[in-house]
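Take a look at the structure below.
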Amino acid sequence: MTGKIYSASTTAPVNIATLKYWGKRDTKLNLPTNSSISVTLSQDDLRTLTTACAAEFFESDKLWLNGKEESVHGPRFLACFNELRALRKIREDANPELPALSKYHMHIVSENNFPTAAGLASSAAGFAAFVQAVANLYELPQSPEELSRIARQGSGSACRSLFGGYVAWEMGQEADGSDSRAVQIATQEAWPDMKAAILVISASKKETSSTVGMQTTVNTSTLFKYRTDVVVPQRFKEMSEAIVNKDFETFGKLTMIDSNQFHAVCLDSSPPVFYMNDTSRLVIGLIEKVNKIYGRVVAAYTFDAGPNSVLYYLEKDELIVLGLLKAAIPDVDGWDKKSYTSSIAPAVPDGVDPCSFEVLKEGVSRIILTGVGPGPRKTDEVLIDGNGLPK
Ligand SMILES: Nc1ncnc2c1ncn2[C@@H]1O[C@H](COP(=O)(O)OP(=O)(O)OP(=O)(O)O)[C@@H](O)[C@H]1O
Ligand SMILES: C[C@@](O)(CCOP(=O)(O)OP(=O)(O)O)CC(=O)O
């Protein structure tokens, strides 16, 4: 059977948290135990591209991710489908001339241009793109904030990828999750010189998913309650202010101590959850050393649920940060053509032991040079063919 196919596409960005979401107070609605903050990264380097289409002749909802069909019958996808269809239905009821897309099955085709399920926040970009693509298809009037409440139910961190720039996920208080949504703290333009270097230390699927790891922490860690009740509320205020004031020193310090505390509560879980490895710890040591040598925060490290390291730094310090990394890991994929050598400062400052570079050379497989970027973007690129199947 054939017929008219309605379609819309979007791209969506990855975001990397600087104040970590770790723990759910409601696993069904994906409601967090604490608020969190992230930086949205440029889609020139990391992005999901998703096409959503609907047609009367489709027989079921389907999703193809990177060319492979995946189930959409899990509760996360179902929650998003149901909410989006309900919003479309409101439009159709108000205007009976609209095609009855809410009654049609959907085909979703999506591509990540980076490793999936490897701690590079693919679920964040993936669910944000999915929700935004369907919202585009349905021509929904809802704001990014409202869409973020839906994306949150796909994957918590996805709610933050509905915005560009600097984003907070406010945990909310309501039992139904109506006030647990993302808001923008500052636009990309407000603080445009934030850069990020991602050291890909492992691009393989991780052993303990974030979903499982965080609930192990909620259920067993005694340090965790102190983190959510005392530490995060204070840090949330300080980090939001640091972003608004473009105060990298405070932003960077908070980013590093929060990453470390997140991994500390993982270790305090039973059984303990480990995400960092020896290479990750070496990166921490190196950045701590460099910051000490310069007497200020030149770069801030953060690690999610995996060994990969994300380093935030300001454009003005690019020569210091990338000069050192280029000296340490010159041969990995991902370097651009710039030289990053300076006539005034040595690439490897006094006090940094170049012997440690051997471990980095062994452990890092790729560098991704990126920076703060915008939120989801509509695109004319379409990933489906005339039969509603992946091209
Ligand atoms: N483009 C996409 N479209 C829809 N769903 C996606 C997409 N990309 C990833 N996902 C979903 O997210 C899952 C991977 O999420 P997971 O949390 O395991 O990894 P991650 O997001 O890369 O890591 P982390 O969240 O710890 O940074 C995939 O199995 C898939 O269900
Ligand atoms: C360490 C983190 O990256 C955890 C992300 O967890 P997810 O958003 O992947 O978890 P689910 O809500 O279960 O899908 C920290 C963060 O992004 O804030």
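Numbering of ligands and ligand atoms starts at 1, following listing order. This structure is a prediction, so every number in the text was calculated from the model and none was measured.
For the pair S210 and ligand 1, a heavy-atom separation below 4.0 Å is found.
Judged purely by atom type and a 3.5 angstrom limit, N30 has no side-chain atom pairing as donor or acceptor with the backbone of S157. The main-chain N or O of S143 is found under 3.5 Å from a side-chain atom of E146 such that the two form a donor-acceptor pair.
Of the listed options V131, L65, T50, I16, L65 places a heavy atom closest to atom 30 (C) of ligand 1. Of the options R47, E70, E111, the smallest heavy-atom separation from atom 29 (O) of ligand 1 is shown by E70. Across S123, G74, S71, heavy-atom proximity to atom 12 (O) of ligand 1 is greatest for S123. Of the candidates A12, C80, G126, A17, the one placing a heavy atom closest to atom 7 (C) of ligand 1 is G126. One option in K20, R152, M214 has a heavy atom closer to atom 6 (O) of ligand 2 than any other, and that option is M214.
Taking every non-hydrogen atom of F262 and a distance limit under 4.0 Å, the qualifying atoms of ligand 2 come out as 1 (C). For ligand 1, the atoms closer than 4.0 angstrom to any heavy atom of A305 are 26 (O).
In this structure, R227 does not pair ionically with D268, as no charged nitrogen and carboxylate oxygen lie closer than 4.0 Å.
For ligand 1, the polar-atom distance check against F127 finds no nitrogen or oxygen pair separated by under 3.5 Å. Considering backbone and side-chain N/O of S110, one or more are found under 3.5 Å from N/O of ligand 1.
Proximity of the aromatic rings of F248 and Y312 is defined here by a centroid distance below 6.0 angstrom, and this criterion is not met.
Residues T18 and D258 form no side-chain contact, since every pair of their non-hydrogen atoms from C-beta on lies 4.5 Å or further apart.
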